[in-house]
Protein chains: 2
Amino acid sequence: MSDTTHIPTLDDVARVAGVSTATVSRCLNEQQKVSAKTLERVMKTINDLGYTPNFNARAMAAKRTHTIGAIIPTMENAIFARGLQAFQETLHASGYNLLVSSSAYQPDLEAEQIRALVARGADGLLLIGYERGQDIYDYLQRRGVPTVLAWTSHPDGGHASVGFDNCAAMRMLADRVLAMGHRRIAVISGIVEGNDRAEGRLRGIRESLVAHGQDPDALPVIQTAYEIENGAAAFETLMAQDPRPTVVMCGNDVLAAGAISRAKHLGLAVPEDVSITGFDDIELASILHPTLTTVHVPHRDMGCIAAQELIDMVEKRSMGATRKLEVSLAMRESLRPVVEP
Amino acid sequence: MSDTTHIPTLDDVARVAGVSTATVSRCLNEQQKVSAKTLERVMKTINDLGYTPNFNARAMAAKRTHTIGAIIPTMENAIFARGLQAFQETLHASGYNLLVSSSAYQPDLEAEQIRALVARGADGLLLIGYERGQDIYDYLQRRGVPTVLAWTSHPDGGHASVGFDNCAAMRMLADRVLAMGHRRIAVISGIVEGNDRAEGRLRGIRESLVAHGQDPDALPVIQTAYEIENGAAAFETLMAQDPRPTVVMCGNDVLAAGAISRAKHLGLAVPEDVSITGFDDIELASILHPTLTTVHVPHRDMGCIAAQELIDMVEKRSMGATRKLEVSLAMRESLRPVVEP
DNA sequence: CTTACCTGTGTAAGCGCTTACAGTTGATTC
DNA sequence: GAATCAACTGTAAGCGCTTACACAGGTAAG
């Protein structure tokens, strides 16, 4: 046996089956255009030879890849896992494949990955949030790549998007916190720069303060990357103030998990000594001790709808709509009313 | 402005810059073969035109993609996140891109994705575990695709692999559990069928029991998919036995997190009423309450080494070695000695 | 018996790159 | 001054597919 094993091509199949390459191609892509007899013979040959179509050649000739690209800010924690899973499942059901990249919250890396996915021939793209350079939107438009923005709700509906209003959502939670009598609020926020979701959430708290006659500029805020350890460190810093905050509102559940963990180390009881809130309602939120009060985001719905929207744009060249989903509060143990002294 | 915007190709660049396509290609791939003057002019043209090379055409002509594929069983939880992140970073540093798919622990889906990645021209593959059909290994060999197996240590070193001995690792933990006086052990295992890691871990416990003169067949075991909720449900079932186990050993940290959460709901104190152990030492393990005693796996090292190994195999056509990493016990609060009655 | 049409198949022209090979030029050597 | 060579650059042949178009043969309609 020679070691120069030949990888079978469509030509090989055609030759062995005694038909033209066009017919083999039709057997693969448009079976109804081929007679039953020919189809059977060709399929048998394909099997015998162990032939697999070359994806790149296919993409090149057809100018279609049935591939959708998605770029998410991080894969390290579960923030996007559930939504992306639903996105993937919906795509798969319609015969599309998903290619995922992580941008590590770096705009230039995201730009690079967008170009890479487009260069690979992605039929459409899913991006998180709306805040990015106009040049990127121009590029996407020029290349004619349908794009859906998720996890956000674009202020002026210039783009197709599926998400929710981060600001209004967090404001709803802050309203509740204030209604419970909390007046000394501190915040652990994600990095706001270049992240419209984090910015919106923080703004929601400030707006709520204003509506309740509080001074938003007096609000203690620490911005930090979404990692458990960062949440823990920020919590400790915030609790060193005098007087201590009665509640620490976190930009997401991961930061909140860090805060709760550190509270325990510091000998602080949650919620007796200090209340803590999160955002996202990932699985983690309900197994923490205490269970975490947070904003519930319909991740699976978001993923499904985004996929449907994108497929529609790809196949019908439609414009793509703006879909706004409702969020709700998940009231659990980690938040409770201020006790009068 | 017409709406039939043309996407610039290498030909366009060549024409505008007044050189041949070969020269443009050289500017992109082997700059040292081009004169400084030509290079500058071509690069300027590329910029002016906003040209991006077509990945598929490139892959086709060069028969190289600088892309590595990885198929992991799940993206839903963080089990593989850290290792994969390290894998990705190491690849990136050497100019390779990573394509990730999730097989959802389904062997046939994994097979399908292997073919898909090979069809896309992946230069190499990372797979988790060694247990899969011989046909897949044959296929990979025939296509000449270098492959590294990770998260496992293949019994007979027929394949390149980077991992650890799941059986020995879990046995080490079980030895410790037994040394602490526990005799009523129960196990929440991952699904063993088609998962050599889960099988090895379970076997490790049994081997330890035998070594300590216990009957391995009397061990209560529940097999379930790696999800928090499943761990919780299994825990409740196991604790319904009479007499109750004094320790519940879990196949990984995710199951353990579910067990701890359910223990709280049932009013059982951990570790006072029952000890719980995990496996993997993901970030979650140290923020649980109580903190989780588990087996620490060097995920980052594993990812880095796997990447280096794979690149070496791709570029030097080397055979690929078998690398076995050491694991250690992370002794935390959730496990404690049995208290004499 | 034409004419028209439908079904199934083949021919061949690309898709946008890379690269072996073949020049062309100017500098260097004897 | 001819020969040699190095440094660039161009020509053109694919890479493995899809698909517009052409064509053959059979059926139905006039």
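Every heavy atom of this structure was used, including side-chain atoms; hydrogens, water molecules and symmetry mates were not. Just so it is clear: chains get the letters A, B, ... in the order the sequence lines come, proteins before strands, and each one is counted from 1. The structure displayed is predicted, hence computed values, not measured ones.
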Review point. On DNA chain C, nearest-nucleotide positions of K63(A) versus L28(B): which is more 5'?
Key: K63(A)
**Study point:** Donor + acceptor pair across side chains of D196(A), T152(A) (<3.5 Å)
**Key:** yes
Review point. Does any donor atom in the side chain of Q134(B) or D138(B) lie under 3.5 Å from an acceptor atom in the other side chain?
Key: yes
Practice item. Just call it for T21(B): base, sugar-phosphate, or nothing, with non-hydrogen atoms closer than 4.0 Å on any strand. Key: base
Check your understanding: How long is the line joining CD of E30(B) and P of dA7(D), in whole Å?
Key -> 15 Å
**Study point:** Side-chain donor-acceptor pair present, R120(A), N56(A), cut-off under 3.5 Å
**Key:** no
Exercise for review: For V24(A) and for K33(B), find the nucleotide of DNA chain D with the closest heavy atom, then tell me which residue's nucleotide is more 5'.
Suggested key: K33(B)
Review point. Should D48(B) and K44(B) count as an ion pair when the cut-off is N to O under 4.0 Å?
Key: yes
Review point. Between the two end axes of the helix from dC1(C)-dG30(D) to dC30(C)-dG1(D), each built from 5 base pairs, what angle do you get to the nearest 10°?
Key: 40°
Practice item. Go through the side-chain N and O atoms of T21(A) and D11(A) and say whether any donor and acceptor fall under 3.5 Å apart. Key: no
Exercise for review: For T9(A), answer base if it contacts any base atom (sugar-phosphate contacts may also be present), sugar-phosphate if it contacts only those atoms, and nothing otherwise; contact means non-hydrogen atoms under 4.0 Å.
Suggested key: sugar-phosphate
Review point. So do the side chains of M313(A) and V148(A) get within less than 4.5 Å of each other, counting heavy atoms only?
Key: yes
Exercise for review: Would you indicate what N29(B) reaches in the nucleic acid, counting non-hydrogen atoms under 4.0 angstrom: base, sugar-phosphate, or nothing?
Suggested key: sugar-phosphate
Check your understanding: Looking only at heavy atoms, what is the nearest atom pair of A70(B) and L84(B), with distance?
Key -> CB-CD1, 4.2 Å
Review point. How is S35(A) classified with respect to the nucleic acid when contacts are heavy atoms under 4.0 Å: base, sugar-phosphate, or nothing?
Key: sugar-phosphate
**Study point:** Carboxylate-amine/guanidinium contact R115(A) E112(A), below 4.0 Å
**Key:** no
Between protein and nucleotides 21-25 of chain D, what N or O pairs are separated by less than 3.5 Å?
none

Exercise for review: Looking at every strand, decide which applies to A22(A) at a 4.0 Å heavy-atom threshold: base, sugar-phosphate, or nothing.
Suggested key: base
Practice item. Check every nucleotide of DNA chain C for an atom under 4.0 Å from a heavy-atom of chain B, then give the first and the last such nucleotide from 5' to 3'. Key: dG16(C) to dA20(C)
Review point. Under 4.0 angstrom, heavy atoms only, what part of the nucleic acid is F55(A) near: base, sugar-phosphate, or nothing?
Key: nothing
Exercise for review: Check the side chains of Q106(A) and E110(A) for a donor-acceptor pair under 3.5 angstrom, ignoring hydrogens and angles.
Suggested key: no
Check your understanding: Between H92(A) and N97(A), is any side-chain donor less than 3.5 angstrom from a side-chain acceptor?
Key -> no
Point to revise | Check: Y96(A)/E315(A) side-chain N/O donor and acceptor closer than 3.5 Å | key: yes
